[in-house]
Participant: 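Following this message is one structure expressed as structure tokens.
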Amino acid sequence: SVTVNYNYSDLPPQVNKRLNELLSLTRDINGKMMDLEAKNREAEEWHRKYNELKLLLDNQGNDNPLALKAKSLLLDGKLEEAGKIYDQLIQADEPDEKKIAERAFSRGRIFDLQFKPLEALPLYRKAYALCPDNVEYAYSYADILLGQNHHGEAENIFNKNLNRLRKLAVENPATYLPNMGKTLNNLGNLYYDTQRSKEAEKAYQEALGIR
């Protein structure tokens with residue numbers, strides 16, 4: 001095992017501390033401590049997902065006291081407490097499907113940040129089912145499916161999302177090309193896992209060109 005501390009300058013100290021605590025407990029698929037390369041990968045993904053969740057909560061507005069409390073807990077690195085708040089929000093009577101999807105996705109992302117993909121999966125599925133055109137919901141759901149080796153379903157969603165991103169990137173490349181890059185990279189991983197080396201190479205090359 002490798003002992004290393006991650007300290008991202010754009011994260012509060014207590015959030016960096018929580019990240020390092022979680023990484024110290026995380027194992028690979030074989031139940032072993034992760035090597036340095038794997039830890040670096042996980043830390044970068046965690047950093048990205050945390051910032052995306054924070055931005056999502058910023059964009060949801062400040063009209064709900066419980067949502068504000070959850071955001072405050074998130075900024076303190078208190079993922080478990082923030083998750084419990086979202087459990088309450090999900091159970092509340094809410095007629096707006098977009099808002100229901102936002103809450104389900106946010107709760108799933110908190111589980112994701114806790115390295116609990118099986119708990120995140122049904123919440124990502126719900127958000128995607130309610131808002132299938134949301135590119136981040138689609139990517140996150142397919143990413144979790146890929147991590148659980150549900151290759152067929154993940155491939156279908158990745159490809160649908162990629163087609164959508166190609167169209168969106170024509171009008172707004174700054175926003176959507178990075179999403180295209182990470183989607184192509186994951187498709188490359190999927191093709192590699194399923195012994196389709198030529199398709200993997202093509203996806204990786206396009207992702208590399210974007211990045």
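In what follows, residues are counted from 1 in the order of the sequence shown. Just so it is clear, the structure is predicted and the values come from calculations on it, not from any experiment.
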Participant: For S72, give me all partners under side-chain hydrogen bond (donor to acceptor under 3.5 Å, both in side chains), at least two apart in sequence or on another chain.
Facilitator: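 Residues passing side-chain hydrogen bond (donor to acceptor under 3.5 Å, both in side chains) with S72: none at all.
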Participant: Is the Y124-Y137 ring centre distance short of 6.0 angstrom?
Facilitator: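 Centroid distance Y124-Y137: not below 6.0 Å, so no.
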Participant: Return the minimal non-hydrogen interatomic distance between A82 and A70, and the atom names on each side.
Facilitator: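 The answer is CB-O, 3.7 Å.
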Participant: Would you please test Q148 and L118 for side-chain contact (heavy atoms from CB on, under 4.5 Å) and show each step?
Facilitator: CA-CA 8 Å; Q148 299 303 308; L118 293 179; 3.4 Å; yes
Participant: Treating E155 as the side-chain partner and L187 as the backbone partner, does any N or O pair qualify as donor plus acceptor under 3.5 Å?
Facilitator: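 Not a single qualifying donor-acceptor pair exists.
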Participant: In chain order, what residues pass the side-chain hydrogen bond (donor to acceptor under 3.5 Å, both in side chains) check against R211, with sequence neighbours excluded?
Facilitator: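 For R211, no residue satisfies side-chain hydrogen bond (donor to acceptor under 3.5 Å, both in side chains) once neighbours in sequence are set aside.
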Participant: Counting only heavy atoms not in E80 (residues, nucleotides, ligands), do more than 12 fall under 6.0 Å from its CD?
Facilitator: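 It does: E80 CD has more than 12 such atoms within range.
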Participant: Hey, is the main chain of L74 close enough, under 3.5 Å, to the side chain of Y50 for a donor-acceptor pair?
Facilitator: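 A pair under 3.5 Å: yes.
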Participant: Of all heavy-atom pairs between L11 and N16, which one has the smallest distance, and what is that distance?
Facilitator: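 In terms of heavy atoms, the two residues are closest at O-ND2, 3.4 Å.
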Participant: Set out, in order, the CA-CA distance, both residues' side-chain angles and the distance that settles side-chain hydrogen bond (donor to acceptor under 3.5 Å, both in side chains) for R164 and N161, then state yes or no.
Facilitator: CA-CA 5 Å; R164 192 175 299 115; N161 206 37; 3.3 Å; yes
Participant: Just by distance, do the side chain of E97 and the backbone of P95 share a donor-acceptor pair under 3.5 Å?
Facilitator: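 No; zero donor-acceptor contacts below 3.5 Å.
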Participant: Show the nearest heavy-atom pair for residues S140 and R109, with the distance to one decimal.
Facilitator: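 Nearest heavy atoms, S140 then R109: OG-NH2, 2.8 Å.
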Participant: Where is the tightest heavy-atom contact between P178 and A174, given as atom of each residue plus distance?
Facilitator: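 It is CD-O, 3.5 Å.
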Participant: Taking the side chain from Y128 and the backbone from N134, do they hold a donor-acceptor pair closer than 3.5 Å?
Facilitator: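 A pair under 3.5 Å: no.
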Participant: Which heavy atom of K69 sits nearest to which heavy atom of I85, and what is that distance?
Facilitator: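 In terms of heavy atoms, the two residues are closest at CD-CD1, 3.8 Å.
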Participant: Check salt bridge (charged side-chain N to carboxylate O under 4.0 Å, His left out) between K182 and all other residues, then give those that pass, not counting sequence neighbours.
Facilitator: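 Salt bridge (charged side-chain N to carboxylate O under 4.0 Å, His left out) check on K182 returns E52, E136.
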Participant: Does any N or O in the side chain of Y6 come within less than 3.5 Å of the main-chain N or O of N40, such that one atom is a donor and the other an acceptor?
Facilitator: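 Confirmed, Y6 side chain pairs with N40 backbone.
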Participant: Specify the closest pair of heavy atoms between K126 and A104, including all atoms of both residues, with the distance to one decimal.
Facilitator: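 Looking at all heavy atoms of both residues, the shortest contact is CD-CB, 4.1 Å.
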Participant: With no hydrogens and no angle check, is any side-chain donor or acceptor of S106 less than 3.5 Å from a backbone partner on R103?
Facilitator: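 Answer holds: no.
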